[in-house]
*Asks:* 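Before I ask anything, let me first share the structure, which is written out below as structure tokens.
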2 protein chains.
Amino acid sequence: MSTQERKERERASRHRLIVSAARELAETEGWDAVTTRRLADRIEYSQPVLYSHFRKKDEIVGAVALEGFAELTEAVRRAVPTGPASRAAAAALANAYVAFAERNPTIYDAMFSLSAGLPFADPATPAPLREAFEALLDTLGDVAGPVEPGLFVEVFWAALHGLVTLTRAGRLPPEHNAQRLDVLVDRLVDR
Amino acid sequence: MSTQERKERERASRHRLIVSAARELAETEGWDAVTTRRLADRIEYSQPVLYSHFRKKDEIVGAVALEGFAELTEAVRRAVPTGPASRAAAAALANAYVAFAERNPTIYDAMFSLSAGLPFADPATPAPLREAFEALLDTLGDVAGPVEPGLFVEVFWAALHGLVTLTRAGRLPPEHNAQRLDVLVDRLVDR
DNA sequence: TCGAATGTCTAGCAGTGCTAGACTCGCCTT
DNA sequence: AAGGCGAGTCTAGCACTGCTAGACATTCGA
């Protein structure tokens, strides 16, 4: 039995290696550089090995995206103080969200633009995605006012996401980003 | 001189043919089906002809995107009654925007997701893009309240765009779309 | 020690965007 | 009206993509 366990450990470790290599390659040279050949090169295995871990290349991107959701959750949780949520907490969350996207543009792309391979399976959505949403819900739910908290969080999240993507696409001048965020929070939060 | 004019006319007509063929192909089979080979086939010319009109394939997508911006402008203008803008006008605009995106998902993708080849040249942005923004400004500027109208429109637009993209990506359950839009307009519009 | 099964690699397929160079045709000049 | 030149087009091909069948080791259990 021991040898089988060892093999599984090694396999899991190679799995992680693939994901982190893909991420690093994407972060340094962009997603276009993440081809199956170059990725196989990096991990010092041949292409078919990738396909023994993932069914399609998209699934590798999806795995990186899941990492991103976990990190986004952490960043958001760290930014807002625990305790009763307020307008200030919502503002801190919004800032943290946008900052994360600006700090990790490549991962953010994987999370939203290249999401074709994200395991969107039956038991709702994958855990990290759900947890990210819950992190938002925990602080934004309290400032939802009369509307259903879940719905409010969806709207708030969508607005943040729109701001991020339009800015990143060069459609919004980046210099007034902070002001835009201010307006958004000011208006959305129940007064 | 006449023959040269005729040639230019024919050339311009073929230019339009390429763009409309690309759009039709994309709308019926998705952007993945729009390859230079299949597109060349459709217009009954060879691939190099495409490249005598556009430098890269992205530019063809960009041309379709520009059409989309023009149509979006029209849809928005048609939806809001002329005259003093109000909360109702803003709601009508928001509905028209989202409806356009739902009615033309393929073109919307060209406008925002596949925007690599959009002529983003020096004199600010291309005309149709500017005009679309102005259409939003005309009705939303009046409900901006104390904040600078341009900035407000950017925020409003980003929020709409975020709602559209997250819904389309399957991240938001589509059934509560109308409610989300209601909340968004309710909160953003100055009261 | 041998047979089988697990694992990995080489080589290749069908497709992509894009282009160099051959060719043909229509136009202008003599 | 005949000829040559240039513009316009096409064929063929390059370098690359994601993905996979089949050959080859290598390791394991009997």
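Each chain gets a letter, A, B and so on, in the order the sequences are listed, and its residues count up from 1.
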*Asks:* Measure CZ/B/F54 against P/C/dT19 and give the value in whole Å, please.
*Replies:*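 Rounding to the nearest Å, CZ of B/F54 and P of C/dT19 are 15 Å apart.
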*Asks:* Please tell me whether A/E131 and A/T73 have a donor and an acceptor in their side chains that are separated by less than 3.5 angstrom.
*Replies:*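 Short answer, no.
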*Asks:* Determine whether a donor-acceptor pair (N or O, by modelled atom type, separation under 3.5 Å) exists between the side chain of B/R130 and the backbone of B/T125.
*Replies:*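 At least one qualifying donor-acceptor pair exists.
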*Asks:* With a 3.5 Å distance limit and no angle check, can you tell me whether B/K57 reaches the backbone of B/V34 through a side-chain donor-acceptor pair?
*Replies:*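 The answer is yes, because a donor-acceptor pair under 3.5 Å joins these two groups.
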*Asks:* Can you sort out which residues in residues 32-48 of chain B have a heavy atom within less than 4.0 Å of DNA chain C? Ascending by number, please.
*Replies:*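 Output list: B/V34, B/T35, B/T36, B/R37, B/Q47, B/P48.
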*Asks:* Rounding to an integer number of Å, can you tell me how far A/K56 NZ sits from D/dT20 C1'?
*Replies:*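 After rounding, the reported distance stands at 15 Å.
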*Asks:* Using the benzene-type ring in the case of Trp, are the ring centres of B/F69 and B/F112 under 6.0 Å apart?
*Replies:*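 They qualify: ring centres under 6.0 Å apart.
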*Asks:* Measure CD1/A/I60 against C1'/D/dC19 and give the value in whole Å, please.
*Replies:*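 Those two atoms, CD1 and C1', are 12 Å apart.
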*Asks:* Whole Å only: how far is the NZ atom of A/K57 from the C1' atom of C/dT16?
*Replies:*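 Going from NZ in A/K57 over to C1' in C/dT16 covers 13 Å.
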*Asks:* Just the rounded figure in Å: distance from C1' of C/dT16 to CH2 of B/W31.
*Replies:*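 Answer to the nearest Å: 16 Å.
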*Asks:* D/dA7 P sits how many Å from B/Y51 OH, rounded?
*Replies:*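 After rounding, the reported distance stands at 23 Å.
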*Asks:* In whole angstroms, how far is the C1' atom of C/dG26 from the CD atom of B/E10?
*Replies:*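 Going from CD in B/E10 over to C1' in C/dG26 covers 12 Å.
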*Asks:* Give the rounded distance in Å between these two atoms: CZ of B/R14 and C1' of D/dG8.
*Replies:*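 One finds 8 Å between C1' of D/dG8 and CZ of B/R14, rounded.
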*Asks:* Compile the donor-acceptor pairs under 3.5 Å between side chains in residues 156-166 of chain A and protein atoms, sequence neighbours left out, one pair per line.
*Replies:*
from: A/W157; atom 1: NE1; to: A/Y97; atom 2: OH; distance (Å): 3.0
from: A/H161; atom 1: ND1; to: A/Y108; atom 2: OH; distance (Å): 2.7
from: A/T165; atom 1: OG1; to: A/H161; atom 2: O; distance (Å): 2.9
from: A/T165; atom 1: OG1; to: A/G162; atom 2: O; distance (Å): 3.1

*Asks:* Quick check for you: to the nearest 0.5 Å, what is the distance between A/E59 atom CD and A/L50 atom CG?
*Replies:*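 Interatomic distance, A/E59 CD to A/L50 CG, rounded to 0.5 Å: 12.0 Å.
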